[in-house]
Q: 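Okay, handing you the structure first.
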2 protein chains.
Amino acid sequence: MRDMPGHLARRFQQIAVAVFLAEVEAAGFDLTPVQYAALAAIAANPAIDQITLAGLIAYDRTTITGVIDRLAQKNLVVRRASARDRRSRELLITEEGRRTLEAITPAVEAAQRLMVRGLTRTEARELIRLMQKAIAAGNELSRAPLREGAGPERQ
Amino acid sequence: MRDMPGHLARRFQQIAVAVFLAEVEAAGFDLTPVQYAALAAIAANPAIDQITLAGLIAYDRTTITGVIDRLAQKNLVVRRASARDRRSRELLITEEGRRTLEAITPAVEAAQRLMVRGLTRTEARELIRLMQKAIAAGNELSRAPLREGAGPERQ
DNA sequence: TACTGATGATCAGCATACTGATCAATAACG
DNA sequence: CGTTATTGATCAGTATGCTGATCATCAGTA
């Protein structure tokens, strides 16, 4: 059991979330890993729509509604109706959102280091590389694959 | 973002769960990764109580109630009042549970291989080793740490 | 232009995970 | 023995994630 990738994946994620939440709370904030990722992506991509955002950070499209709900409730982002497509909502970070994002970054970085504190620097880099490689090969297997930023049309 | 251990952990777990569910469903079963782990642990530890089970597979104690509820509803396990401690429930696998566990094993093993199909055999082994090492160092950081089987008293 | 299909968002329902509380029963102690 | 602390289990509440459905809107085509 203890050498099954699936079990280890669940366990590592479990610890990663706990470390993230602890660091962020110690810094005086109340933001989940998923909320942080969404906030950062919105900051980097103003007026992004929810589907594109989902692709950027590999969320399920139905999950994102609730995440944005909670970010909006905390006044960190704003949902705005799109002018050119009335189905979609444009997402924008607020001033408070931007301040929060900046202030929280050190805690997030500390959490990343803590997650792999049992590894040497070389091992940590190797773990990251191997996870990236495995993820790339399995990207299409989940309902929420990563979609590269649209950018200029790829053929 | 794409080299943050926390993000990669979430993504790898996401794929691992999707692969597991797909393989198990293709084999004709309806069991989640968590339910499988619990079922296997109960099979290997007859009359285990829920708290000890939680420690063996690193579940939160409040999560396990629902998991066992669902396994019991599928007639795969039975909850029995303990004679020596009336607070606790002894968990036992049923005949159907044992048949299911045996029949499902090939699908579970196939899923484990699929999760790391982008890696060479050596890389997969290294990923497993590094995750184990990181997890061991972070074990106490989550609310649901792994607890070694009680076995004969450790001092 | 009317129809058809695709798309963005949301919803209902279910299964993990967690926080923190409660309750019954047991263990530990004076 | 009785008080206190601990422990096994559960519950309420919240946040991901997923399946599958619905609704409004848009795009493409006959």
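Throughout, a chain's letter reflects where its sequence line sits, starting with A, and its residues are numbered from 1. Computed from a predicted structure; not experimentally measured. In what follows, every heavy atom counts, from backbone to side chain, and hydrogens, waters and symmetry copies are set aside.
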Q: Which heavy atom of Ala47(A) sits nearest a heavy atom of Leu92(A), and at what distance?
A: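 It is N-CD2, 3.4 Å.
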
Q: Would you give a per-nucleotide map of nucleotides 1-12 of chain D, 5' to 3', where B means the base has a protein non-hydrogen atom under 4.0 Å away, S means only the sugar-phosphate does, and - means neither?
A: ------BSSBB-

Q: Closest approach of Pro33(A) and Leu21(A), non-hydrogen atoms and distance?
A: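 Pro33(A) and Leu21(A) have their closest heavy atoms at CD-CD2, 3.9 Å.
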
Q: Over how many whole Å does the gap from Gln13(A) atom CD to dA17(C) atom P extend?
A: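 Answer to the nearest Å: 8 Å.
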
Q: Heavy atom of residues 106-117 of chain B under 4.0 Å from DNA chain D: which residues?
A: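 Hits under 4.0 Å, by residue number: none.
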
Q: Looking only at side-chain atoms of Arg86(B), point me to the closest of dT26(C), dT16(C), dC18(D).
A: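 Nearest listed nucleotide: dT26(C).
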
Q: So how far is it from Ile93(B) CD1 to Ile48(B) CD1, rounded to the nearest 0.5 Å?
A: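 Rounded to the nearest 0.5 Å, the CD1-CD1 separation comes to 12.5 Å.
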
Q: On the nucleotide dT14(D), are OP1 or OP2 found under 4.0 Å from the side-chain N or O atoms that Arg70(A) carries?
A: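 Answer is no, no contact under 4.0 Å.
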
Q: Taking only residues two or more places apart in sequence, or in another chain, which ones meet Glu23(B) in a salt bridge (Lys or Arg N to Asp or Glu O under 4.0 Å)?
A: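 So Glu23(B) forms no salt bridge (Lys or Arg N to Asp or Glu O under 4.0 Å) with any residue.
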
Q: Please list all pairs passing the salt bridge (Lys or Arg N to Asp or Glu O under 4.0 Å) test where one or both residues lie in residues 55-72 of chain B, with sequence neighbours left out.
A: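 Output for this query lists Asp60(B)-Arg143(B), Asp69(B)-Arg79(B).
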
Q: Who are the salt bridge (Lys or Arg N to Asp or Glu O under 4.0 Å) partners of Arg98(B), not counting sequence neighbours?
A: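 Per chain and number, Arg98(B) pairs via salt bridge (Lys or Arg N to Asp or Glu O under 4.0 Å) with no residue.
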
Q: Which whole-number value in Å describes the distance from Arg10(B) CZ to dA17(C) P?
A: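 Those two atoms, CZ and P, are 14 Å apart.
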
Q: Got a sec, which residues hit side-chain contact (heavy atoms from CB on, under 4.5 Å) with Ala22(A), two or more places apart in sequence or on another chain?
A: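 So Ala22(A) forms no side-chain contact (heavy atoms from CB on, under 4.5 Å) with any residue.
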
Q: Please list all pairs meeting salt bridge (Lys or Arg N to Asp or Glu O under 4.0 Å) that have one or both residues in residues 127-142 of chain B, counting only residues at least two apart or in different chains.
A: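 Matches after skipping sequence neighbours: Glu123(A)-Arg129(B), Glu123(A)-Lys133(B), Glu126(B)-Arg129(B), Glu140(B)-Arg147(B).
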
Q: Minimum heavy-atom separation for Ala41(B) to Ile57(B), with atom names?
A: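 Result for this residue pair: CB-CG2, 4.1 Å.
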
Q: Contacts to DNA chain D from residues 15-44 of chain B, heavy-atom cutoff under 4.0 Å, which residues?
A: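 Within residues 15-44 of chain B, no residue comes under 4.0 Å of DNA chain D.
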
Q: Take atom CG of Leu71(A) and atom C1' of dT14(D), then tell me their distance rounded to the nearest Å.
A: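 One finds 15 Å between C1' of dT14(D) and CG of Leu71(A), rounded.
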
Q: Could you tell me how far apart Arg11(A) (CZ) and dA17(C) (P) are, to the nearest whole angstrom?
A: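 Whole-Å distance recorded here is 11 Å.
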
Q: Once salt bridge (Lys or Arg N to Asp or Glu O under 4.0 Å) is applied, do any residues pair with Arg87(A), and if so which ones, sequence neighbours excluded?
A: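 Arg87(A): salt bridge (Lys or Arg N to Asp or Glu O under 4.0 Å) contacts with Asp85(A).
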
Q: Expressed in angstrom and rounded to an integer, what is the separation of Ile68(A) atom CD1 from dT16(D) atom P?
A: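 Nearest whole value for this atom pair: 10 Å.
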
Q: Under the salt bridge (Lys or Arg N to Asp or Glu O under 4.0 Å) definition, can you give me all pairs with a residue in residues 102-122 of chain A, not counting sequence neighbours?
A: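 Checked against salt bridge (Lys or Arg N to Asp or Glu O under 4.0 Å) - neighbours excluded - no pair reaches residues 102-122 of chain A.
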
Q: What is the distance, to the nearest angstrom, from the CD1 atom on Ile57(B) to the P atom on dT16(C)?
A: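 Atom-to-atom, Ile57(B) to dT16(C), this comes out as 11 Å.
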
Q: Side chains of Gln13(B) and Arg10(B): donor-acceptor distance under 3.5 Å anywhere?
A: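 Per modelled atom types, Gln13(B) and Arg10(B) side chains form no pair under 3.5 Å.
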
Q: Compute the bend angle of the helix from dT1(C)-dA30(D) to dG30(C)-dC1(D) from the end axes (five pairs per end), rounded to 10°.
A: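 Here the helix ends are tilted 0° relative to one another.
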
Q: Is it possible for you to say whether Phe29(B) and Leu76(B) belong to one hydrophobic cluster, with membership spreading through side-chain heavy-atom contacts below 4.5 Å?
A: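 The answer is yes; both residues are in one hydrophobic cluster.
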
Q: Of all residues at least two apart in sequence or in a different chain, which pass the salt bridge (Lys or Arg N to Asp or Glu O under 4.0 Å) check with Arg80(A)?
A: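 Arg80(A) satisfies salt bridge (Lys or Arg N to Asp or Glu O under 4.0 Å) with Glu90(A) only.
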
Q: Specify the separation, in whole Å, of atom CG of Asp60(B) and atom P of dT16(D).
A: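 After rounding, the reported distance stands at 17 Å.
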
